[in-house]
Amino acid sequence: MLETASATDRPYDLLIVGGGVNGAGIARDAVGRGASVLLVEQDDLASYTSSASTKLIHGGLRYLEYYEFRLVREALTERERLLKMAPHIMWPMRFVLPHSKLVRPAWMLRAGLFLYDHLASNMTLPKSRAIDFRTHSSGRPLKADYTKGFVYSDGWVQDSRLVVLNAMDAGERGADIRPRTRLVHAERVNGLWQATLEDRTTGTTQVVQARALVNAAGPWVARLLADTLKIPNSKSVRLVKGSHIIVARVFDGPQAYIFQNPDKRIVFAIPYEQKFTLIGTTDIPWKDAPGRVGIAPDEITYLCESVNRYFKTQVKESDVVWSYAGLRPLYDDASANASAVTRDYVLDLDTQNGAPLLSIFGGKITTYRKLAEHALEKLAPVLPAVAGASWTANEVLPGGDMGEGGFDAALARLRRAAPWLVPSLAWRLLRNYGSRAYEIIGEANSMKELGDVLGGDLTTREVDYLIDREWARTAEDVLWRRSKLGLHLNEAEKTKVADYVKQKTA
Ligand SMILES: Cc1cc2nc3c(=O)[nH]c(=O)nc-3n(C[C@H](O)[C@H](O)[C@H](O)COP(=O)(O)OP(=O)(O)OC[C@H]3O[C@@H](n4cnc5c(N)ncnc54)[C@H](O)[C@@H]3O)c2cc1C
């Protein structure tokens with residue numbers, strides 16, 4: 001069925017293709033400046049790269065080796081801002097970096113960390129320092145060969161929740177957010193974009209008009225240009241797969257580890273979901289079409305070997321309880337080596353052939369907010385609707401207004417307001433939803449009033465919220481993107497969640 005835009009339908013100011021972190025960030029910023037915005041995402045929000053990252057809000061210590069000072073400075077500045085914008089889903093983390101003589105000399109690490117500590121102004125996280133593993137508690141899980149190292153600060157983010165919160169905020173400010181909607185065709189007609197959208201749930205198509213188009217299709221950015229829009233472009237994207245494994249917790253404590261490999265790459269081991277350790281990542285050039293990707297057996301071996309070089313507790317392939325992989329859509333700067341390709345982003349504005357088209361190549365989760373600002377600054381001269389002042393630097397994301405005293409004080413308040421909440425649930429609700437936890441609890445006065453328990457501490461009330469407010473439509477959306485409860489529930493519980501979501505969304 002084709003529904004066509006009638007001449008009276010008002011064009012959107014901006015049609016954004018891609019519901020990853022960059023598309024969602026641009027939608028939020030643009031609608032806040034007064035533009036009318038439509039965002040389409042072919043699958044669930046954050047279905048691809050933006051849920052497959054290492055989940056670090058970081059300057060990127062290793063990028064200093066490639067002289068990416070602009071990117072690192074911008075990322076470090078953003079790190080501070082983001083930690084304030086969403087203190088529920090982001091938190092500071094200390095990273096332990098053992099010195100290994102075989103890889104980089106200690107003076108080089110010290111110099112890099114000094115730069116990292118000082119490259120941006122107004123940094124509030126604790127600075128780096130040298131540590132002796134023979135006396136420091138972070139040395140306990142390490143092999144005795146490692147006696148010295150450093151510790152420095154960065155941040156952690158629940159990546160797919162960051163995307164959803166940006167989309168929610170955009171939606172609450174008036175943007176039209178449409179997951180499961182694919183742009184199948186678009187062309188310039190009389191100075192506007194005329195775009196055909198396919199609703200992937202119903203199979204229907206609809207034609208809409210927009211003054212400008214943003215191509216935030218991540219790994220699909222070049223294909224969208226060449227195949228869907230039929231627009232030649234000299235810039236290209238380099239797809240580089242990165243994979244992670246999850247194993248039962250290998251070490252105690254809140255700190256993460258960053259290990260140097262003999263191939264000069266680095267691999268992180270990060271405390272994950274209370275009971276687990278997240279290990280990643282790899283850099284594998286990807287030549288096939290974008291889409292769902294998985295980890296290869298040799299990547300699992302590589303990641304196990306990377307941590308086994310340092311930890312006393314050895315990890316083997318059969319210990320892996322879950323893995324995920326994603327494609328980095330990197331701007332192709334013709335580097336010979338996949339690890340060396342720039343992690344900076346390039347915005348390409350095409351106004352020569354009529355209605356503006358902005359394509360985004362590259363970008364990090366960490367820099368998404370600044371990327372959105374840059375994108376709108378670039379569009380503003382040709383799209384007055386987004387010419388308003390930038391505003392996102394100090395505005396919290398939904399749930400981020402947790403009040404005085406940080407997370408711990410907010411948790412204490414929640415526990416006082418709802419003493420009947422199981423403590424682990426109070427903690428999890430606050431970590432995922434911040435102040436919106438109160439919206440989920442609503443008028444309930446007991447665990448029973450939160451509905452049926454589907455598994456662990458997941459109740460039907462929480463799933464209803466995810467369906468009503470966060471566009472969840474499948475068990476996978478609930479278990480692996482809105483949360484990571486998939487790691488904690490057994491198969492029977494997951495089936496219960498799937499049945500409930502199906503019945504609710506039928
Ligand atoms: C292994 C790995 C580790 C990483 N680690 C970090 C990290 O620790 N910190 C950090 O800051 N960054 C990290 N990154 C980088 C970061 O994840 C990405 O730069 C970022 O997520 C890219 O977001 P995006 O919105 O551009 O792309 P995506 O998240 O892929 O979004 C693009 C979306 O466009 C949609 N789309 C495509 N075509 C269409 C169409 N025709 N119609 C509708 N929708 C369409 C897709 O479905 C997709 O969801 C990592 C990346 C990888 C792969």
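What's counted below: heavy atoms across the whole structure, side chains too, no hydrogens, waters or symmetry copies. Whatever order the structure lists them in is the order used to number ligands and atoms, beginning at 1.
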Heavy atom of the protein closest to atom 49 (O) of ligand 1 (residue, atom name, distance): E41 OE1, 2.7 Å
Side-chain donor-acceptor contact under 3.5 Å, S47 with E41: no
Ion pair check, D43 and R200, cut-off under 4.0 Å: yes
Atom 16 (C) of ligand 1: the protein heavy-atom neighbour that sits closest, reported with distance to 0.1 Å: I365 CG1, 3.6 Å
Heteroatom distance test (G362, ligand 1): nitrogen or oxygen, under 3.5 angstrom: no
Lys NZ or Arg CZ of R431 over W91 ring: under 6.0 Å, within 45°: yes
Shortest heavy-atom approach to atom 1 (C) of ligand 1 - which of G242, S160, G18: G242
Numbered atoms and elements of ligand 1 in range of W220, under 4.0 angstrom, heavy atoms: 37 (C), 38 (N), 46 (C)
Ligand 1 to D44 polar contact by distance, N or O atoms, under 3.5 Å: no
Basic-acidic side-chain contact under 4.0 Å: R104, E65: yes
Any N/O pair V21/ligand 1 closer than 3.5 Å: yes
For atom 26 (O) of ligand 1, the protein heavy atom that lies nearest, with its residue and separation: N22 ND2, 2.9 Å
Proximity of T281 to ligand 1 by residue part, where a heavy atom lies under 4.0 Å: side chain
Where ligand 1 meets H244 - atom numbers and elements under 4.0 angstrom, heavy-atom basis: 1 (C)
Sole candidate of R182, R178, E198 that passes side chain to side chain donor-acceptor pair (under 3.5 Å) when paired with Q42: R182
Nearest-neighbour protein heavy atom for atom 14 (N) of ligand 1, which is reported as residue plus atom name and distance: S53 CB, 3.8 Å
Under 3.5 Å side-chain donor-acceptor pair for Y116 and D154: yes
Nearest candidate to atom 38 (N) of ligand 1, where distance is taken over non-hydrogen atoms, out of A216, P179, A217, A46: A217
Per-residue contact class, I360 against ligand 1 - non-hydrogen pairs under 4.0 Å: neither
From CA spacing to verdict: ring-ring contact (aromatic ring centres under 6.0 Å, His included), Y257, Y310: CA-CA 10 Å; Y257 291 83; Y310 289 87; 9.1 Å; no
N/O separation below 3.5 Å, S47 to ligand 1: no
Residue, atom name and distance, where the atom is the protein heavy atom closest to atom 44 (N) of ligand 1: Q42 N, 3.0 Å
Mode of A325 contact toward ligand 1 - side chain, backbone, both, neither (heavy atoms, under 4.0 Å): neither
For ligand 1, the portion of T49 having any non-hydrogen atom under 4.0 Å away: both
Backbone or side-chain N or O of S243 under 3.5 Å from ligand 1 N or O: no
Enumerated ligand 1 atoms positioned under 4.0 Å from heavy atoms of G218: 26 (O), 27 (O), 32 (C)
Carboxylate-amine/guanidinium contact R482 D44, below 4.0 Å: yes
Ligand 1-proximal atoms of K55, by part, heavy-atom distance under 4.0 Å: backbone
Ring-face cation of K55 near Y324 (centre distance under 6.0 Å, axis angle within 45°): yes
Side-chain H-bond candidate by donor/acceptor type, S138 with Q255, under 3.5 Å: no
NZ or CZ of R81 within 45° of Y368 ring axis and under 6.0 Å: no
Minimum-distance protein heavy atom relative to atom 19 (O) of ligand 1: G363 O, 2.3 Å
No-hydrogen, no-angle side-chain donor-acceptor test under 3.5 Å, S100 and Q260: no
Residue, atom name and distance, where the atom is the protein heavy atom closest to atom 5 (N) of ligand 1: T54 N, 3.0 Å
Nearest non-hydrogen protein atom, atom 8 (O) of ligand 1: L56 N, 3.0 Å
Pair F276 + W322: ring centers closer than 6.0 Å: no
Basic-acidic side-chain contact under 4.0 Å: R469, E172: yes
